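One structure below.
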Amino acid sequence: MSIIEAQAPLHEAHRDNHTHRDVNGGWLRPAVFGAMDGLVSNLALMTGVAGGAVSSQTIVITGLAGLAAGAFSMAAGEYTSVASQRELVQAELDVERRQLRKHPVDEMEELAALYVSRGVEPALAREVAMQLSKDPEQALEIHAREELGIDPDDLPSPTVAAVSSFGSFALGALLPLLPYLLGATALWPAVLLALLGLFGCGALVARVTARGWWFSGLRQLLLGGAAAAVTYGLGMAFGAAL
């Protein structure tokens, strides 16, 4: 009795704190990728043009064009990609739904065999499979989880992915532009703000992925800084050649 009582508070604490992040909502990947891509690509684009010794107005126009083109491209690409993935999943669900309707006994036996392979006693596995197969929609959901590894009720949304990509890319791409829009005429404030934004985005992502914030932030800063440095050098070389 004392052992049970001692373990009960631990069990309750584990149950109360045992929560998980949403990893299937379809928003995290496009939002993170969009913000990073917006920051890095527009910073690199602007520094490349600035390396050619052009006017501040030209850099601003380049940055605005990069923001608009990149945001719409990201949104269209994410929408098409997620929509195609969703249509593929729906097609596979239709196949499974037809199999459940035409061969219910075979599908039940298949489910029972799956539970047996995971260590459930054959009689119990068959009883569980029979109970779960009584409701066609429940049976479809279980077969989809077990055979396809998907949740039919939690498929990613193409609209969510597209909006997340558009907004995050535009926000990221806006950071290098802000100093120029506020009156700056030199490149270094834009680079500084963009690098700080890269570090901040990396640190923020670490809060979601449970990775070290300093490592994630520094990694994004170094990658973005390297891209900006390379394109600036290319801009200087092409500018001198022209």
Side-chain angles (χ1 to χ4, degrees), residues 26-84 156-208 213 216-242:
W27 64 270
L28 179 59
R29 183 185 65 84
V32 171
F33 182 71
M36 297 302 179
D37 192 25
L39 267 168
V40 174
S41 63
N42 220 30
L43 173 63
L45 180 63
M46 292 172 63
T47 53
V49 172
V54 300
S55 65
S56 299
Q57 183 181 11
T58 301
I59 297 175
V60 171
I61 294 174
T62 300
L64 289 173
L67 185 157
F72 281 110
S73 177
M74 284 286 294
E78 283 294 334
Y79 186 91
T80 302
S81 174
V82 176
S84 299
S157 167
T159 302
V160 170
V163 171
S164 298
S165 296
F166 184 94
S168 58
F169 186 99
L171 183 61
L174 182 63
L175 277 184
L177 269 171
L178 275 179
Y180 282 102
L181 296 178
L182 295 176
T185 57
L187 179 63
W188 69 265
V191 173
L192 178 61
L193 184 59
L195 293 179
L196 289 175
L198 282 169
F199 184 87
C201 284
L204 183 61
V205 170
R207 292 181 59 86
V208 180
W213 65 270
S216 183
L218 187 61
R219 177 178 60 184
Q220 296 301 330
L221 186 151
L222 292 176
L223 290 174
V230 169
T231 53
Y232 184 79
L234 290 174
M236 290 183 64
F238 288 128
L242 294 175

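Remember, predicted model here, so these are calculated numbers, not experimental data.
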Worksheet item: Rounded to the nearest 0.5 Å, how far does CG of Leu195 lie from CG of Leu39?
Response: 9.0 Å

Worksheet entry | Shortest non-hydrogen separation from Ala75 to Phe166 and the atoms involved | CB-CB, 3.9 Å

Worksheet item: How long is the gap from OG1 on Thr159 to OH on Tyr79, to the nearest 0.5 Å?
Response: 5.0 Å

Worksheet item: Any side-chain heavy atom of Val191 within less than 4.5 Å of one from Tyr232?
Response: no

Worksheet item: What heavy-atom pair brings Ser216 and Gly202 nearest, and what distance separates the two atoms?
Response: OG-O, 2.6 Å

Worksheet item: Any side-chain heavy atom of Leu64 within less than 4.5 Å of one from Leu177?
Response: yes

Response to the item:
Value for OG (Ser73) from CD (Glu78), rounded to nearest 0.5 Å, stands at 10.0 Å

Discussion item. Using every non-hydrogen atom in the two residues, find where Leu67 and Phe169 come nearest and quote the distance to one decimal.
Written reply: O-CE2, 3.7 Å

Fill in: side-chain contact (heavy atoms from CB on, under 4.5 Å) between Leu45 and Thr62, intermediate numbers included
CA-CA 8 Å; Leu45 180 63; Thr62 300; 3.5 Å; yes

Worksheet item: Which pair of non-hydrogen atoms, one from Ala190 and one from Leu43, has the smallest distance, and what is that distance?
Response: O-CD1, 4.4 Å

Worksheet entry | Least distance between heavy atoms, Ala194 atom then Pro176 atom | CB-CG, 4.0 Å

Worksheet item: Does anything in residues 221-230 pair up under side chain to side chain donor-acceptor pair (under 3.5 Å), and if so which pairs, sequence neighbours excluded?
Response: none

Practice prompt. Please list all pairs passing the side chain to side chain donor-acceptor pair (under 3.5 Å) test where one or both residues lie in residues 185-202, with sequence neighbours left out.
Written response: none

Discussion item. Can you tell me how far apart CG (Leu187) and OG1 (Thr47) are? Round to the nearest 0.5 Å.
Written reply: 6.5 Å

Worksheet item: Is the side chain of Ser164 donor-acceptor paired with the backbone N or O of Val160 at a distance under 3.5 Å, no angle test?
Response: yes

Fill in: Leu174 CG to Leu181 CG distance, which is reported to the nearest 0.5 Å
6.5 Å

Worksheet item: When rounded to the nearest 0.5 angstrom, what distance separates CG in Leu175 from CG in Asn42?
Response: 10.0 Å

Worksheet item: Of all heavy-atom pairs between Pro158 and Pro156, which one has the smallest distance, and what is that distance?
Response: CD-O, 3.6 Å

